[in-house]
Amino acid sequence: MPKSIQPIRSVKGTRDLLPPETGLWQRVEDEARSVFAVYNFREIRTPVLEPTALFARGVGEETDIVTKEMYTFADRDHESLTLRPEATAGVVRAAIEHSLYNLGGIQRLFYIGPMFRRDRPQKGRYRQFYQIGAEALGSEHPLVDVEVLEMLTVFLSRVGLENVTLLLNSVGCHLCRPEYLRILRRALEPIRFQLCADCQRRADTNPLRVLDCKVPEDQALIDQLPTILEHLGPECRQHFDRVTAELTDRGIPFTIMPRLVRGLDYYTRTAFEMTSGSLGAQNALLGGGRYDGLSETIGGPPIPGFGFAIGEDRLLMAVEEAGKLPNPESIDVYVAWMDDRAFIPARDLARSLRAGDLSVEMNYEPAKLKKMLGAANRLRARFAVIIGESELASSNFQVKDMSSGEQHPVEPDRVAAFVREKRSSPVQS
RNA sequence: GUGAGCGUAGCUCAGCUUGGUAGAGCGCCAGACUGUGGAUCUGGACGUCGCGGGUUCGAAUCCCGUCGCUCACCCCA
């Protein structure tokens, strides 16, 4: 390779996911699909590219996501387009566009895919990152919230994560939140200059975020501030109480965090987050909540909704650390043939094993048995089929179990059945 | 957008303070073992020391610049 040309590299904040890691990603996604299916969530695939206005209006003009993190550009016809920074707005847009609200009942949708935000990359944060999310549209019933939270806990335990904390809050609705914001602003006025520089700024720009401050010196003062939970309207209060009561009944542990706020404007009532250690500073594994007014803000009819997004990149970090989910990187059979006369029987065997849904690799050139068994070992093949002179003479291939070392002569037509039978019996590793 | 740390073999890293022939472990290839892998031993391949400039007889090492990566702030998944 000529050194004078510098190799092209992946864009900052994006990365290649390679095997064997992709095997683990597939396992996690398979679990998500199977758990979501049981709760009758079906897949939706929306475009990565959306009109910029969708996010400006849906997510909120003043949010950090919209003001400084979006990949926005003018299309050739000058229409402003944006790479989606999150998927909920797009899902709701699609629900409106296809009149899903006319189908009746609750529309339960899930998605898996890449999102884009132009942050400075760091641990657990990338400019192209992946989210697994779900949205339940068409009901404001608190049991919807609980059912989705239950589904999340089932999913997380399926991928081997046990110690995840559910942090819960209610952020009120369009009726009670403005009133609370006035109260909060009034409470901040006398103490703001005793707070950290960031909080002084937040007091103006986004007072709710002051509640989220992590500076130790500020905590005592912040603890004195009124919480939104104390100022919920009667309907929001009732909704929240039903959610917490039902979670308790179902044995789903949670911690009420009166100071938990979300960064997207569309959230109403239930807001939640699940955090996990081992993720560094970005410890939010997933987040979500209710967004009963979102549809209207993007021009649709009232469609109440509840949903979440899991940071798949972060989820995988946690799953790898927990080490409970086996990574399935292995093949069933390595076909090892030794001289040219063995090639055709070997090739035919590989074809028929593959037709029978077994994963097979073979050598393309005659090679020493030792070398091929070494290859089989490296590929973590469960069996090696040896085809050499004596096997051709006896019309029986040697099938070697790579974990035990045992070896049996097997007729060519019976190899698949032999492998399948021994594979399904419990193996010691 | 701000700050700090780090760029040496495919991977993990030592060497840099005090300038003098580029190293280790793992992995890879081959052999010991001509049809039996994982262990052991022996040998081998692989580097413009991120890039550019400066100082110097001489730079991986010192200086300047630049690019990249990482972590943190901010924000969020």
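In what follows, every heavy atom counts, from backbone to side chain, and hydrogens, waters and symmetry copies are set aside. Only a predicted model underlies this, so the values are computations on that prediction, with no experimental measurement involved. Naming convention: chains lettered A, B, ... in sequence-line order (proteins, then strands); numbering from 1 in each chain.
- Atom-to-atom, NZ of A:K370 to P of B:G35 comes out at 11 Å; the value is rounded to the nearest Å.
- Residue contacts shown for A:G288 are absent, as no nucleic acid heavy atom lies under 4.0 Å away.
- A:E86 comes within 4.0 angstrom of nothing in the nucleic acid, heavy atoms only.
- Comparing the same atom, P, in B:C67 and in B:C57 gives a spacing of 32 Å after rounding to whole Å.
- Between the CG atom of A:L208 and the C1' atom of B:C74 there is a distance of 17 Å, rounded to whole Å.
- If you check the side chains of A:Y71 and A:Q128, you find no donor sitting under 3.5 Å from an acceptor.
- Among the heavy atoms of the strands lying under 4.0 Å from A:D119 is at least one base atom, whether or not backbone atoms are also near.
- Under the Watson-Crick or G-U wobble criterion, with both distances below 3.5 Å, B:G58 is left unpaired in every strand shown.
- B:A32 atom C1' lies 17 Å from atom NZ of A:K371, rounded to whole Å.
- The only member of A:L286, A:L285, A:L167, A:T255 that meets side chain to side chain contact (heavy atoms under 4.5 Å, CB included) when paired with A:T275 is A:L167.
- Contacts of A:G124 with the nucleic acid, taken as non-hydrogen atoms under 4.0 Å apart, include base atoms.
- A tilted orientation is assigned to the rings of A:F41 and A:F36, their planes being inclined by 30° to 60°.
- Taking the six-membered ring for Trp and thresholds of 30 and 60 degrees, A:F383 and A:F418 have ring planes more than 60 degrees apart, a perpendicular arrangement.
- Judged by a 6.0 Å distance limit and a 45° cone about the ring axis, A:R262 is positioned over the six-membered ring of A:Y267.
- Using a 4.0 Å heavy-atom criterion, one finds that A:A309 contacts the sugar-phosphate atoms exclusively.
- Nucleotide B:A32 forms a pair with B:U40, judged by Watson-Crick or G-U wobble geometry with both contacts under 3.5 Å.
- Proximity of A:R9 to the phosphate of B:C67: no side-chain N or O atom is located under 4.0 Å from OP1 or OP2.
- Side chains of A:R84 and A:Q131: a donor-acceptor N/O pair is absent below 3.5 angstrom, by distance only.
- The base of B:C71 does not come close enough to the side chain of A:R120 for any donor and acceptor atom to sit less than 3.5 Å apart.
- With hydrogens and angles ignored, no donor-acceptor pair under 3.5 angstrom links the side chain of A:R125 to the base of B:A77.
- A donor-acceptor contact under 3.5 Å is formed by the side chain of A:Q407 with the base of B:U36.
- Across all strands shown, A:K12 has heavy atoms under 4.0 Å from sugar-phosphate atoms exclusively, and none from any base.
- The residue A:L286 sits close only to the backbone: its heavy atoms come under 4.0 Å of sugar-phosphate atoms, none of a base.
- The residue A:I386 sits close to a base: some heavy atom pair falls under 4.0 Å.
- Contact annotation for A:M402: base contact, defined as any heavy-atom pair under 4.0 Å involving a base atom.
- Among the protein residues, A:Y126 comes within range of the nucleic acid bases, having at least one heavy atom under 4.0 Å from a base atom.
- On a pure distance criterion of 3.5 Å, a polar donor-acceptor pair joins the side chain of A:E391 and the base of B:G35.
- A sub-4.0 Å separation between OP1 or OP2 of B:C74 and a side-chain N or O of A:K68 is absent.
- Judged by distance alone, with hydrogens and angles left aside, A:K400 brings a side-chain donor or acceptor within reach of the base of B:U36, the pair sitting under 3.5 Å.
- Heavy atoms of A:G374 sit under 4.0 angstrom from primed sugar atoms or phosphate atoms, though from no base atom.
- Pairing of B:G3, defined by two Watson-Crick or G-U wobble distances under 3.5 Å, is identified with B:C71.
- When Watson-Crick and G-U wobble pairs are counted only if both distances are under 3.5 Å, B:G19 pairs with no nucleotide at all.
- Between the P atoms of B:G23 and B:C16, the separation comes to 15 Å (whole Å).
- The residue A:E69 sits close only to the backbone: its heavy atoms come under 4.0 Å of sugar-phosphate atoms, none of a base.
- Checking the phosphate oxygens (OP1, OP2) of B:C28, a side-chain nitrogen or oxygen of A:R378 falls inside 4.0 Å.
- Among the heavy atoms of the strands, none lies under 4.0 Å from A:L315.
- Looking at heavy-atom distances under 4.0 Å, A:R15 makes no contact with the nucleic acid at all.
- The nearest whole Å value for the distance from the CD1 atom in A:I65 to the P atom in B:G1 is 18 Å.
- Summarising the geometry, the separation between CG on A:L373 and P on B:C33 is reported as 18 Å, rounded to the nearest angstrom.
- Remark: A:Q122 is in phosphate contact with B:A72, judged by side-chain N or O atoms under 4.0 Å from OP1 or OP2.
- Comparing B:G35, B:A30, B:A77 against the side chain of A:S390 picks out B:G35 as the nearest.
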